[in-house]
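Reading through the structure tokens given below for one structure.
Below, each value reflects all heavy atoms present in this structure, side chains not excepted, and no hydrogens, waters or symmetry copies. FYI, the numbering just counts along the sequence from 1.
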Amino acid sequence: MTNPAGRDNAPWSSVADRVAEELDADVFFYNGPIQPPLDRQFMALCRQRKKRTNVLLILVTLGGDPDSAYRMARHLQAHYDRFLLYVTGYCKSAGTLVALGAHELILGEDGELGPLDVQMSKQDSLWEQQSGLTVNAALTALQDKAYLAFESFFLETEERSLGAITVKTAGDIAAKLTIGLFAPLYSQVDPLHVGEAARAMQVADNYGRRLMMESKNLDPNGLHHLVTHYPSHGFVIDMEEATTVFEQVRVPTESEEALAAALDDSAIEPQVDPKRTVMKFLSKEMEQPELVSQPPIAVIADGLADVPIPENPHGGAKTGPRASAARPTTQSGA
């Protein structure tokens with residue numbers, strides 16, 4: 001993306017301007033993680049722009065901070081009439097949260113979104129992350145296994161006793177066996193960690209609902225689907241899958257495809273190092289229309305305009321800024 005020769009000589013400059021004209025939109029490119037202070041830099045760059053009516057954001061990212069993603073999407077919603085998101089490559093996690101704020105989604109052939117299961121720090125680990133769904137999935141699996149174990153112990157006890165053991169006694173035996181088997185596993189579950197996971201999942205849900213109120217580009221059940229439906233954080237949401245979740249989603253036009261091709265690998269592979277994040281407007285800044293000259297305003301003299309004065313009952317009409325203050329002529333008389 002770095003081009004020492006300047007924007008006008010960059011391979012993407014002319015096609016970016018063409019896309020801007022076709023959509024009446026500023027074309028903005030962002031490749032990198034979504035996190036502070038990059039979100040503030042993103043918004044500051046947008047505020048300095050002489051804006052067109054709409055904006056086309058080309059977003060390439062592996063995700064990041066949901067708070068930052070929400071700020072960026074809300075900023076574009078507030079400062080443009082229409083926000084379009086062009087997914088040319090990886091646009092995962094927090095990138096999908098930004099997508100919820102777009103009025104229209106454009107998915108290229110290599111474009112893919114991801115689920116919205118918020119990532120949280122893994123216990124006893126400084127660097128590793130885990131999905132907020134992992135804890136819920138673990139509890140659900142334990143519950144299912146415990147129920148199946150109880151059922152198996154109960155039925156086998158009844159069957160093998162040939163009726164010599166009552167139902168109550170068989171239930172007590174099955175319960176004790178199940179508790180003895182699963183108690184060590186449940187003792188490893190930290191209630192605070194379970195609560196943290198639940199709150200982490202609410203972050204995506206709450207931010208998503210607020211963005212949807214403006215974009216109106218999600219199926220009524222689409223948000224819940226994105227948060228809870230997928231089995232892994234890296235699950236691929238391609239064009240076919242996206243059409244089942246989003247209302248306004250389309251393939252790119254010829255000009256938009258040409259723009260992605262001009263950006264080459266930077267439109268597909270996300271930057272991981274925040275220091276190498278690329279954020280810039282690809283289209284040239286819109287020229288401001290010249291101000292239409294206004295007709296001259298009546299000259300004011302001593303607070304009175306040079307306009308006609310109503311007819312004098314003692315003579316003809318008098319005009320002029322001081323007409324109303326004219327003194328009568330002194331007459332000699334008898």
Side-chain angles (χ1 to χ4, degrees), residues 28 30 33-36 38-40 42-43 46 54-57 59 61-87 90-107 111-121 129-137 139-140 194-239 241-250:
F28 195 102
Y30 187 104
I34 298 175
Q35 64 184 53
L38 297 175
D39 55 346
R40 301 293 182 187
F42 173 88
M43 293 185 288
C46 289
N54 309 312
V55 63
L56 174 70
L57 173 64
L59 180 60
T61 182
L62 288 178
D65 178 45
D67 300 333
S68 296
Y70 179 73
R71 290 189 196 99
M72 292 166 62
R74 283 291 247 194
H75 186 84
L76 295 180
Q77 285 182 340
H79 289 79
Y80 289 93
D81 290 351
R82 190 166 174 80
F83 163 29
L84 298 86
L85 182 70
Y86 186 9
V87 182
Y90 289 101
C91 185
K92 298 290 195 176
S93 192
T96 304
L97 186 58
V98 174
L100 297 186
H103 298 94
E104 185 175 54
L105 196 61
I106 306 168
L107 248 74
E112 63 177 73
L113 298 168
L116 277 178
D117 52 324
V118 174
Q119 299 293 286
M120 52 189 296
S121 298
Q129 298 277 314
Q130 68 176 10
S131 168
L133 289 175
T134 301
V135 176
N136 293 336
L139 290 174
T140 300
V194 174
E196 289 174 359
R199 292 195 65 181
M201 298 309 298
Q202 289 178 4
V203 170
D205 183 80
N206 278 264
Y207 278 156
R209 290 184 186 281
R210 285 162 173 77
L211 293 173
M212 285 168 49
M213 290 178 65
E214 169 64 26
S215 69
K216 297 179 174 59
N217 190 27
L218 213 62
D219 179 87
N221 298 317
L223 180 59
H224 181 74
H225 190 85
L226 286 171
V227 173
T228 65
H229 181 75
Y230 298 101
S232 72
H233 190 63
F235 199 92
V236 176
I237 300 178
D238 56 11
M239 169 60 80
E241 183 73 16
T243 55
T244 66
V245 181
F246 292 90
E247 297 284 353
Q248 299 294 328
V249 55
R250 64 172 175 84

Taking all atoms of both residues into account, what is the closest heavy-atom pair of [X] and [Y], and its distance?
X	Y	result
L107	A242	CD2-CB, 4.2 Å
E241	I237	CG-CG2, 3.7 Å
A102	L85	CB-CB, 3.8 Å
L116	A204	O-CB, 3.4 Å
T96	L113	OG1-CB, 3.8 Å
F246	N217	CD2-O, 3.3 Å

Return yes if some donor-acceptor pair links the side-chain N/O of [X] with the main-chain N/O of [Y] below 3.5 Å, else return no.
X	Y	result
H79	H75	yes
S215	L100	yes
Q77	G101	yes

For L76 and M72, run side-chain contact (heavy atoms from CB on, under 4.5 Å): C-alpha distance rounded to whole Å, both residues' side-chain angles, the deciding distance at 0.1 Å, then the answer.
CA-CA 6 Å; L76 295 180; M72 292 166 62; 5.9 Å; no
Set of side chain to side chain donor-acceptor pair (under 3.5 Å) partners for [X], sequence neighbours left out:
X	answer
Y80	D26
E112	K92
R40	none

Gap separating the [atom1] atom of [X] from the [atom2] atom of [Y], nearest 0.5 angstrom:
X	Y	atom1	atom2	value
Y86	E104	OH	CD	12.5 Å
L84	R250	CG	CZ	6.5 Å
M43	L38	CE	CG	11.0 Å
L97	I34	CG	CD1	8.0 Å

By ring-ring contact (aromatic ring centres under 6.0 Å, His included), F28 pairs with (sequence neighbours left out) F42, F281
So the side chain to side chain donor-acceptor pair (under 3.5 Å) pairs with at least one residue in residues 61-74 (sequence neighbours excluded) are D39-S68, D39-R71, D65-S68, D67-Y207, Y70-R74
Please say whether more than 12 non-hydrogen atoms of neighbouring residues, nucleotides or ligands are located less than 6.0 Å from OH in Y90.
no
Would you say R210 has more than 12 foreign heavy atoms packed within less than 6.0 Å of its CZ?
no
From R82, E247, Q248, residue fulfilling side chain to side chain contact (heavy atoms under 4.5 Å, CB included) relative to H103
R82
For residues 211-236, which residue pairs qualify under salt bridge (Lys or Arg N to Asp or Glu O under 4.0 Å), counting only residues two or more places apart or in two chains?
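Residue pairs passing salt bridge (Lys or Arg N to Asp or Glu O under 4.0 Å), neighbours aside: none found.
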Can you list the steps and then say if H224 with V227 is a side-chain contact (heavy atoms from CB on, under 4.5 Å)?
CA-CA 5 Å; H224 181 74; V227 173; 5.7 Å; no
